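Note on naming: letters A, B, ... go to the chains in the order of the sequence lines (proteins, then strands), and numbering restarts at 1 for each one. Bear in mind that the values here come from a model prediction, so they are computed numbers and not experimental data.
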There are 2 protein chains.
Amino acid sequence: MTTINDIAKMAEVSRTTVSRALNNSGYVSEDVRKRIMKIVEETGYMPSQSAKSLRTKRSGVVGVILPRLSTETSSRVVRGINDFLAKQGYQILLTDTELDSDKEIDYIRLLKSRHVDGIILLATNVNDRLLKAIHDADIPFLSIGQELPGITSLVYDDYHAASDLTNMLIHKGHEKIGFIGVTKEDPAVGQLRSKAYKDTMEKRGLPVKDHWIGEGDFSIESGYEQMKRILKNSLSDVPTAVFAVTDRMAIGAIEYLKEQGYRIPEDMAVVGIGASAMSKYLTPSLTTVDYFNEEVGKKAGSLLLDKINNKKVEKKFELTYRLILRDSV
Amino acid sequence: MTTINDIAKMAEVSRTTVSRALNNSGYVSEDVRKRIMKIVEETGYMPSQSAKSLRTKRSGVVGVILPRLSTETSSRVVRGINDFLAKQGYQILLTDTELDSDKEIDYIRLLKSRHVDGIILLATNVNDRLLKAIHDADIPFLSIGQELPGITSLVYDDYHAASDLTNMLIHKGHEKIGFIGVTKEDPAVGQLRSKAYKDTMEKRGLPVKDHWIGEGDFSIESGYEQMKRILKNSLSDVPTAVFAVTDRMAIGAIEYLKEQGYRIPEDMAVVGIGASAMSKYLTPSLTTVDYFNEEVGKKAGSLLLDKINNKKVEKKFELTYRLILRDSV
DNA sequence: TTAAATTGTGTAATCGATTACACATCACTC
DNA sequence: GAGTGATGTGTAATCGATTACACAATTTAA
């Protein structure tokens with residue numbers, strides 16, 4: 001590896017001058033600058049980031065903690081983050097908790113030890129240990145998808161999105177509406193969306209029966225299983241519509257319904273949330289909610305950069321969403 | 001930030017000893033070790049990776065260069081890589097070329113300057129400048145999906161997969177088979193799959209008409225457009241089956257065919273490659289080829305680690321695939 | 001009993017950059 | 001022509017770890 005010292009020797013100057021030329025700091029005569037740059041070009045020299053960041057405490061890397069790589073939501077958000085940050089010369093250090101919430105904490109500490117300039121967390125569960133870890137890290141931090149007290153959060157408007165969907169179903173004449181949710185440990189997806197569904201049903205004077213409700217785990221298979229359970233348990237009191245809190249679970253539900261000979265939407269309307277790429281190409285195409293994941297990622301990147309540069313940043317950002325009405329309703 | 005010096009002071013030993021205790025190198029008495037570990041626990045100290053990697057030339061980070069984040073193939077491969085490497089204490093530094101092949105070269109150098117221990121590249125185009133950049137980097141390197149001369153490559157058996165698909169269609173009685181490919185600059189997807197299709201047709205004594213052939217750009221939309229073109233240009237000589245080299249383009253093609261009132265597979269059979277998650281849930285479900293992307297990622301992680309640890313590694317690995325016969329044929 | 005080997009710890013150099021400080025030169029200003 | 005500010009360059013400290021080398025104490029071997 002060529003180092004700054006090699007360049008300095010070749011250019012017959014001190015490494016200080018080389019550093020200045022490279023970083024446009026301090027004065028360097030045009031002559032010397034050219035001489036240095038020429039050698040840099042020729043040798044393909046790149047400064048060691050380890051040395052640089054050891055000295056400057058900046059790495060040009062931001063850490064991203066995901067619950068699960070290779071879900072569409074995650075990868076779209078990451079893409080947005082990267083879109084923005086790559087242009088600013090930042091790279092992303094990726095970590096995947098595989099839905100293990102202890103790992104979130106481990107990774108915060110690990111990323112910190114790697115001198116990342118900031119961290120973006122796509123949280124699932126929220127608990128005190130996590131919050132403490134974030135505060136202890138004392139580093140520009142951003143949460144996407146969950147509101148973390150005291151921490152800048154980009155949150156989807158889960159409540160209103162779910163409420164809009166429910167209202168839309170009611171408006172279409174549905175009175176018995178099933179619901180496939182997820183664990184309450186996930187405040188955003190598990191609690192808010194479920195609460196919105198129940199509140200809305202109540203507000204419109206409609207009953208919510210226990211046997212209309214299932215709890216999946218985000219997977220397509222769990223959507224399938226929960227739909228099966230709901231049909232089994234409902235017997236003579238079968239819903240005419242079902243609201244799955246994610247597209248994937250909606251897809252699973254549709255799969256089971258089709259197997260059982262249900263026509264969609266005639267016999268059963270189905271809606272999801274997420275606007276996954278495939279939702280458009282299903283038969284029938286799926287009614288869902290678009291959360292603009294890429295945009296959110298970009299915004300997150302931009303806000304994190306502001307924080308890194310000590311700009312004032314608000315604590316909470318409520319994101320927009322868009323209902324996409326398609327043929328499954 | 002607490003440093004090794006702080007820990008040393010608190011434990012009343014030299015930082016050498018702290019380092020030894022943390023890395024299990026050299027001798028440390030049980031007494032002292034416990035004392036140090038206790039303090040490390042309490043303070044939550046983590047060694048600075050910048051300092052560490054400056055000194056040791058190892059970072060515990062591997063660079064991954066993707067053509068496009070948020071395609072399913074990419075994210076599944078990355079997931080596999082991460083699956084394996086995270087367990088070994090490595091993190092992934094992610095870069096996305098956005099299909100700009102110059103960036104591949106830039107990123108190789110950038111990753112090198114970040115002291116990554118190795119690089120995995122999901123290449124699209126292959127050219128001499130890229131090969132030179134890889135050799136200059138002189139760092140454990142792995143290519144997935146394209147065979148790069150002189151560089152360890154994990155390659156899909158694109159030729160036989162495509163040939164199998166074509167044969168399967170012929171076997172089902174199709175004689176006029178359309179083809180939606182991509183640019184020849186992509187040796188694997190653009191050349192091999194196309195060559196296999198043509199070779200197979202020829203071998204079976206079937207004609208290949210120019211107007212049956214389209215060239216898309218991997219996107220769903222391009223599949224749609226190319227299908228439209230093929231139908232327009234074929235007029236009285238319309239194929240009875242179409243082979244799209246990716247699932248996404250197959251989905252686009254199906255979309256257009258449905259709009260035009262074609263029944264699938266009765267009026268037109270469609271196949272893709274990739275076994276995307278959604279392929280199973282389309283109506284009709286899509287016949288495709290599974291490349292086991294996660295497994296490939298894992299294997300890549302494992303091989304790269306071998307290279308990092310100076311183990312001998314073969315130059316070329318041919319990967320397996322699996323035909324998934326579904327209802328679109 | 002003494003030499004050799006093992007165990008335990010510290011001193012100081014080192015990795016490759018940045019940067020505070022010092023110093024020299026040069027051009028202006030009054 | 002002395003003082004002042006701008007320009008250009010170098011010396012050396014520094015960031016936080018690892019590690020070669022030295023040395024002392026203790027154990028083992030002969």
Side-chain angles (χ1 to χ4, degrees), chain A residues 1-37 39-40 43-61 89 109-117 138-139, chain B residues 1-37 39-40 43-61 89 109-117 138-139:
Chain A
M1 272 301 283
T2 60
T3 73
I4 197 173
N5 285 309
D6 301 332
I7 305 294
K9 252 177 229 147
M10 296 168 85
E12 295 177 303
V13 292
S14 76
R15 66 164 168 277
T16 308
T17 305
V18 176
S19 172
R20 280 197 273 253
L22 261 58
N23 297 295
N24 289 315
S25 55
Y27 297 107
V28 179
S29 68
E30 208 36 47
D31 244 24
V32 171
R33 177 184 304 272
K34 272 191 190 139
R35 187 147 36 104
I36 292 173
M37 287 314 190
I39 294 173
V40 167
T43 55
Y45 162 76
M46 290 204 84
S48 151
Q49 283 295 329
S50 311
K52 205 163 175 157
S53 95
L54 173 60
R55 187 61 226 256
T56 61
K57 308 292 172 213
R58 280 182 156 238
S59 59
V61 172
R109 297 185 53 218
L110 182 132
L111 288 172
K112 166 108 182 178
S113 82
R114 289 201 181 283
H115 288 295
V116 297
D117 295 338
D138 188 30
I139 190 181
Chain B
M1 271 299 283
T2 61
T3 74
I4 196 171
N5 285 309
D6 302 331
I7 305 293
K9 254 176 229 149
M10 295 168 86
E12 296 176 304
V13 293
S14 76
R15 65 164 169 279
T16 308
T17 305
V18 176
S19 172
R20 279 198 273 252
L22 260 57
N23 297 295
N24 289 314
S25 56
Y27 297 106
V28 180
S29 69
E30 208 36 47
D31 246 25
V32 172
R33 163 171 269 115
K34 272 190 190 137
R35 185 144 40 101
I36 291 173
M37 287 314 189
I39 294 174
V40 168
T43 54
Y45 163 76
M46 291 205 83
S48 151
Q49 283 294 329
S50 311
K52 205 163 175 155
S53 95
L54 173 59
R55 186 61 226 252
T56 61
K57 308 291 170 215
R58 279 183 156 238
S59 60
V61 172
R109 298 184 51 218
L110 183 132
L111 289 172
K112 166 108 184 179
S113 82
R114 290 202 180 282
H115 286 296
V116 297
D117 294 339
D138 189 31
I139 190 180

Review point. Is any side-chain N or O of B:Ser14 closer than 4.0 Å to OP1 or OP2 of C:dG10?
Key: yes

Review point. A:Ile4 CD1 to D:dT9 C1': how many Å, rounded?
Key: 14 Å

Exercise for review: Considering just the side-chain nitrogens and oxygens of B:Tyr27, establish if one lies under 4.0 Å of OP1 or OP2 belonging to C:dG8.
Suggested key: no

Check your understanding: What pairs meet the side-chain hydrogen bond (donor to acceptor under 3.5 Å, both in side chains) rule with one or both residues in residues 27-37 of chain B, with sequence neighbours excluded?
Key -> B:Asn24-B:Arg33

Practice item. First locate atom OG of B:Ser25, then atom CZ of B:Arg20, and finally report the distance between them rounded to the nearest 0.5 Å. Key: 7.0 Å

Exercise for review: Let me know the distance between NZ of A:Lys52 and C1' of D:dA17, rounded to the nearest Å.
Suggested key: 20 Å

Check your understanding: Tell me: CZ of B:Arg35 to P of C:dG8, nearest whole Å?
Key -> 13 Å

Taking only distance into account, with no hydrogens and no angle test, what donor-acceptor pairs under 3.5 Å do side-chain atoms of residues 4-13 of chain B form with protein atoms, sequence neighbours excluded?
from	atom 1	to	atom 2	distance (Å)
B:Asn5	OD1	B:Arg15	NH1	3.0
B:Asp6	OD2	B:Thr3	N	2.8

Check your understanding: So, is A:Lys57 near the phosphate of D:dG16, with a side-chain N or O under 4.0 Å from OP1 or OP2?
Key -> yes

**Study point:** Spatial distance of atom CD1 (B:Ile139) from atom CZ (B:Arg109) [nearest 0.5 Å]
**Key:** 13.0 Å

Review point. Under 4.0 Å between a side-chain N/O of B:Asn5 and OP1 or OP2 of D:dA17, yes or no?
Key: no

Practice item. Look at the side chain of B:Leu54 and decide which nucleotide, out of C:dT18, D:dT9, D:dG16, has an atom nearest to it. Key: D:dG16

Check your understanding: Just how far, in rounded Å, is C1' of C:dG8 from NZ of B:Lys34?
Key -> 16 Å

**Study point:** Protein-nucleotide distance (B:Asp6, atom CG; D:dC15, atom P), rounded to Å
**Key:** 11 Å

Practice item. State whether A:Thr3 places a side-chain N or O below 4.0 Å from either non-bridging phosphate oxygen (OP1 or OP2) of C:dG16. Key: no

Which atoms of nucleotides 19-23 of chain C (N or O only) lie under 3.5 Å from a protein N or O atom, and what are those distances?
from	atom 1	to	atom 2	distance (Å)
C:dT19	O4	A:Thr16	OG1	3.2

Can I get a per-line list of side-chain donor-acceptor pairs under 3.5 Å for residues 52-60 of chain B, giving both atom names and the distance, sequence neighbours left out?
from	atom 1	to	atom 2	distance (Å)
B:Ser53	OG	A:Ser50	OG	2.7
B:Thr56	OG1	B:Lys52	O	2.7
B:Thr56	OG1	B:Arg58	N	3.3
B:Thr56	OG1	B:Arg58	O	3.4
B:Lys57	NZ	B:Leu54	O	3.2
B:Arg58	NH2	B:Asn309	OD1	3.1
B:Ser59	OG	B:Val61	N	3.2
B:Ser59	OG	B:His115	O	2.6
B:Ser59	OG	B:Asp117	OD1	3.4

Review point. Over how many whole Å does the gap from A:Met46 atom CE to C:dA17 atom P extend?
Key: 11 Å

Exercise for review: State, to the nearest 10°, the angle formed by the axis through the first five base pairs of the helix from C:dT1-D:dA30 to C:dC30-D:dG1 and the axis through its last five.
Suggested key: 40°

Point to revise | Separation of D:dA17 P from B:Lys9 NZ (nearest whole Å) | key: 12 Å

Revision key, fill the gap. Sorted by chain and residue number, the side-chain contact (heavy atoms from CB on, under 4.5 Å) partners of B:Met1 (sequence neighbours excluded) come out as A:Lys112

Practice item. Using the closest heavy atom to pick a nucleotide of DNA chain C for each, name whichever of A:Ser48 or B:Glu12 lands nearer the 5' end. Key: B:Glu12

Point to revise | Between C1' of C:dG16 and CD1 of A:Ile7, the distance in whole Å | key: 12 Å

